[in-house]
Amino acid sequence: LLFTSGSTSVDPNGVRALRQLAAVLATNSDINIMIEGHTDDIPIKTDKYPDNWSLSVDRANSIIRILTTKYDVKPDRITASGRGEFSPLESNETTAGQAKNRRIEIILSPNLEELYKIVKI
């Protein structure tokens, strides 16, 4: 999901995509979810966001709020993280590259306790 510069707002297409993700997550309760926020390299310094790292974490939080309040994903399955501008997908030399870098990534991982039970560790 992509964001406009300096924003944490999720557009209607993003909300629809999250609905589809939540439906899959509802049938796989043994999967943990990490929402990782990213920014471009344009510096931000506002009262709310002293730096890009803060903005990236709040982008993750905005996705988590949608998943937990609108689509009833259990909060104990989700972790918010932020990488700021430090993990770009594209070069920040172009506006198209900057736009692709203003994103979140959703990282799914199995609940290892369940795996340990299966292999009896």
Would you confirm whether [X], through its side chain, and [Y], through its main-chain N or O, come within 3.5 Å as a donor-acceptor pair?
X    : Y   : answer
Y71  : V15 : yes
R103 : T39 : no
S54  : Y49 : no
N92  : P88 : no
T8   : S62 : no
D58  : N61 : no
D11  : G14 : yes
S87  : R83 : no

Heavy-atom side-chain contact between [X] and [Y] under 4.5 Å:
X   : Y   : answer
I35 : L67 : yes
I33 : T79 : no
R77 : L25 : yes
V10 : F3  : yes
L18 : I63 : yes
Q20 : V24 : no
D40 : S5  : yes

What one should report as the nearest heavy-atom pair of A22 and V73 is CB-CG2, 3.9 Å

List the steps, then state whether side-chain contact (heavy atoms from CB on, under 4.5 Å) holds for L55 with R59. CA-CA 6 Å; L55 174 60; R59 284 182 174 160; 3.7 Å; yes

Going through the distances and angles, do H38 and S56 end up as a side-chain contact (heavy atoms from CB on, under 4.5 Å)? CA-CA 5 Å; H38 297 265; S56 69; 5.5 Å; no

Whether the D41 and N101 side chains hold a donor-acceptor pair (N or O, under 3.5 Å, no angle test) is what I'd like checked.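 No.
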
Start with the C-alpha distance between E85 and D51, add both sets of side-chain angles, then the distance that settles side-chain contact (heavy atoms from CB on, under 4.5 Å), and finish with yes or no. CA-CA 10 Å; E85 69 269 27; D51 52 34; over 6 Å; no

Shared hydrophobic cluster for I64 and I106 (ILVMFWY, side-chain gaps under 4.5 Å):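 Same cluster: I64 reaches I106 through Ile, Leu, Val, Met, Phe, Trp or Tyr contacts under 4.5 Å.
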
Flag yes if I107 and I104 sit in one hydrophobic cluster, no otherwise; membership is Ile, Leu, Val, Met, Phe, Trp, Tyr, and two members link when side-chain heavy atoms are under 4.5 Å apart. no

Applying side-chain contact (heavy atoms from CB on, under 4.5 Å) to R102 and L2, what does each step give before you reach the verdict? CA-CA 6 Å; R102 295 187 300 264; L2 304 178; 5.8 Å; no

